[in-house]
Amino acid sequence: VDLKEYCNEGAGGDETFCSFLNNEFAGLATGLDTFFLLFAGAVVFLMQAGFAMLCAGSVRQKNVKNIMLKNLLDACGGAIGFFFLGYGVSYGRSSKTTADTLFLGNDGFMLFEFEKGYDDFIFWFFQWAFAATAATIVAGTVAERCKMVAYFCYSIFLTAFVYPVVVHSTWASDGFLSAFNEANRFMDQGVIDFAGSGVVHLTGGATALIAAIVLGPRTGRFHDENGNRLSTPNEMPGHNAALQVLGTFILWFGWFGFNPGSALVANGAADVVGLCAVTTTIAAAAGCLSSMLTDSVIEYLATGEVSYDLAMAMNGTLGGLVGITAGCSVVKPWVALIIGLIAGWVYLGFSKLLVFLRIDDVVDAVPVHFANGIWGVIAVGLFSDPVLQEKAGYKITHVGWFNSPGDPGLLLIQLTQIAFILGWVSITMIPFFVVLRCCGLFRADPLEEEVGLDISHHKGPGYALDGPDKSALENFENSKHGNNVVFLPPPTNETQTAPAFVHPPTDAPNTYADSGYNSGTDQSA
């Protein structure tokens, strides 16, 4: 029996039975959507571990505990900030009946509105995972020289106010740029930033850039001990490439919650979710290859030698992921390949530019998130497909410029979002970081930086590298070899040779109790 046909109005189906079925299916769909967001949010939250591993591997070993704690505080400080203010600023609205466009939300603080019967707790959880991701972008940029108190204050401020205002403008139903503001869509369309190239990554990347400029570079990065500018910057490589690669893979995995999860529902959105997973994968792979291989070609042309830079491969991958985030649901897979290729070049070029400008970014978060956040938003304005755009829930008043050459409207909308984010982050975060610097709360003391923040801030190094006690080691060697073996240094020059054997001490104890064996005359040692 076709239950859909049976329960259609006028088909004569039993009303009680059909009502029961409708309620059951509605509950099943709600449960499925809730689990979908729970799983996607948990995967996004796992990105915190990815950022932690990437940052830990990228810093010197004397700063590992410090950067790990900062990543943990992003999640904790972000939860507190988003709970008290952030969610209400992002999505709160005291009146659901008016068509006013608001700059920020004005209800739902500390989830008080939930006590009135609003039951969408899972949406808060998912959005908090995004807020924590935006906050942790800055951790790697300011690593090895930023004080803990400054970082904790920043983490709360960003997730409680700065980031939520950007969220409200783009994703809330009454945001001035929102494609979901049915009453007052910007240019009758609204911005398309499906999973947050602009909202999350450009906001976090712009904050990281401002922090890096105000904070200044690490001691010895661009200047010697006398303050003279180095002709070639000091590289200061990270201490563990394995952690860097592990972090990159965890972040890539996390993006499958980030992008497909932004569909927000599983029921009825299978095509959109699947497309997001495919475009995310292709863009990441393309970004990796374009960044690494282009860097290798440049090196070959300059020196005649070829090497393959792991950092270029990892950050090119992340750049491709950031670049596809805004348009993962509205571009075709072959377009995702182009977006990823260009994202790799954008990362490479901006990374070189930062070094040229003497801006110190320990993990290259600014080229990955800031530069490719901009590129990802622009790419939608160029490539958005009208069929996919409509299927993803957007109007098609304006589509990608390459799909409608006479109408650059969507591109202008996307550029407007970029301008707003850059302006908003600048007017809030520049004074914030400058005040911290002027109050002496931002930059670690030079001596603390020199010995490492693990020792100066966290009661000891992150790695216990002390060997065994010297006297204990000598006793062990004596016990193991019966005190009959004498270790001689190797020959000091080519004319010397090592003795074939060494006579044991004349007073060496007998090794065995057998009366027929005298170890003092045994030459086998």
Side-chain angles (χ1 to χ4, degrees), residues 169-171 177-179 185-203 205-206 255 258-259 262 272 275-276 278-291 294 316-350 367-422:
S169 71
T170 301
W171 289 338
L177 290 174
S178 177
R185 286 190 180 93
F186 184 68
M187 293 180 62
D188 198 29
Q189 173 65 58
V191 69
I192 297 177
D193 188 3
F194 185 76
S197 287
V199 173
V200 178
H201 298 284
L202 179 53
T203 300
W255 242 281
F258 209 93
N259 287 359
S262 291
V272 174
L275 175 64
C276 290
V278 171
T279 54
T280 299
T281 303
I282 293 173
C288 171
L289 295 177
S290 69
S291 177
T294 302
T317 300
L318 299 178
L321 290 167
V322 173
I324 197 61
T325 297
C328 58
S329 65
V330 296
V331 300
K332 296 178 178 179
W334 67 268
V335 174
L337 178 69
I338 296 175
I339 292 175
L341 288 172
I342 296 176
W345 296 329
V346 169
Y347 160 73
L348 177 62
F350 209 86
V368 169
H369 299 277
F370 175 82
N372 273 302
I374 292 175
W375 162 238
V377 175
I378 292 175
V380 174
L382 298 175
F383 296 111
S384 184
D385 182 83
V387 175
L388 298 177
Q389 188 172 310
E390 188 172 29
K391 183 174 289 188
Y394 297 102
K395 289 190 68 176
I396 53 173
T397 306
H398 305 288
V399 297
W401 197 9
F402 293 157
N403 290 306
S404 180
D407 178 21
L410 182 58
L411 180 59
L412 293 176
I413 294 171
Q414 303 298 108
L415 292 174
T416 301
Q417 187 206 31
I418 294 172
F420 168 69
I421 293 175
L422 293 179

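- With contacts defined as side-chain heavy-atom distances shorter than 4.5 Å, the pair F383/K332 does not qualify.
- Using a 4.5 Å heavy-atom threshold, the side chains of P333 and L275 count as touching.
- Looking only at side-chain heavy atoms (C-beta outward), V191 and T416 stay at 4.5 Å or farther from each other.
- Across every non-hydrogen atom of A326 and G376, the tightest pair is CB-O, 3.6 Å.
- Contact annotation: the side chain of I324 approaches that of V331 to within less than 4.5 Å [non-hydrogen atoms, C-beta and beyond].
- A donor-acceptor pair under 3.5 Å links the side-chain atoms of W375 to the main chain of I339, judged by distance alone.
- With N259 contributing its side chain and C276 its backbone, the two residues share no donor-acceptor pair below 3.5 Å.
- Distance check, rounded to the nearest 0.5 Å: CG of L382 to CZ of F402 gives 4.5 Å.
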**Q.** Residues V322, W255; criterion side chain to side chain contact (heavy atoms under 4.5 Å, CB included); working and verdict
**A.** CA-CA 9 Å; V322 173; W255 242 281; 3.7 Å; yes

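- Closest non-hydrogen pair, I396 versus P386, comes out as CG2-O, 3.4 Å.
- Closest non-hydrogen pair, S197 versus G323, comes out as OG-O, 4.1 Å.
- Residues meeting the side chain to side chain contact (heavy atoms under 4.5 Å, CB included) test with S384, sequence neighbours left out: I192, V330, V380, Q389, L410.
- With hydrogens and angles disregarded, a donor-acceptor distance shorter than 3.5 Å links the side chain of T397 to the backbone of D188.
- Rounding to the nearest 0.5 Å gives a distance of 11.5 Å between CD1 of I282 and CD1 of I338.
- Distance check, rounded to the nearest 0.5 Å: CD1 of I413 to CD of Q189 gives 5.0 Å.
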Q.
Quick one, F370 with L422, criterion side chain to side chain contact (heavy atoms under 4.5 Å, CB included). Give me CA distance, side-chain angles, the key distance, then yes/no.
A. CA-CA 10 Å; F370 175 82; L422 293 179; 3.5 Å; yes

Q: Begin from the C-alpha positions of I378 and L411 and carry the test side chain to side chain contact (heavy atoms under 4.5 Å, CB included) through to its verdict.
A: CA-CA 7 Å; I378 292 175; L411 180 59; 4.1 Å; yes

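- Atom CH2 of W171 sits in a crowded spot, with more than 12 heavy atoms from other residues, nucleotides or ligands closer than 6.0 Å.
- In this structure, T325 OG1 and L202 CG are separated by 12.0 Å, a value rounded to the nearest 0.5 Å.
- Checking N372, T280, V368 one by one against L321, the side chain to side chain contact (heavy atoms under 4.5 Å, CB included) holds for a single residue, T280.
- To the nearest 0.5 Å, the span separating OH on Y347 from OG1 on T317 amounts to 10.5 Å.
- Between F258 and H201, the two ring planes are tilted [angle within 30° to 60°].
- Among all heavy-atom pairs drawn from S291 and L348, the shortest one is O-CD2, 4.2 Å.
- The closest donor-acceptor contact from the side chain of D193 to the backbone of V199 lies under 3.5 Å.
- In terms of heavy-atom proximity, G319 sits nearest to A343 at O-CB, 3.5 Å.
- Residues passing the salt bridge (Lys or Arg N to Asp or Glu O under 4.0 Å) test with D407: none are found, sequence neighbours excluded.
- Between the side chain of H398 and the backbone N or O of L412, no donor-acceptor pair lies under 3.5 Å.
- Side chain of T294 to backbone of S290: a donor-acceptor contact under 3.5 angstrom is found.
- Rounding to the nearest 0.5 Å gives a distance of 10.5 Å between CG of D385 and CD of E390.
- Here the closest heavy-atom approach between residue S329 and residue V272 is recorded as CB-CG1, 3.9 Å.
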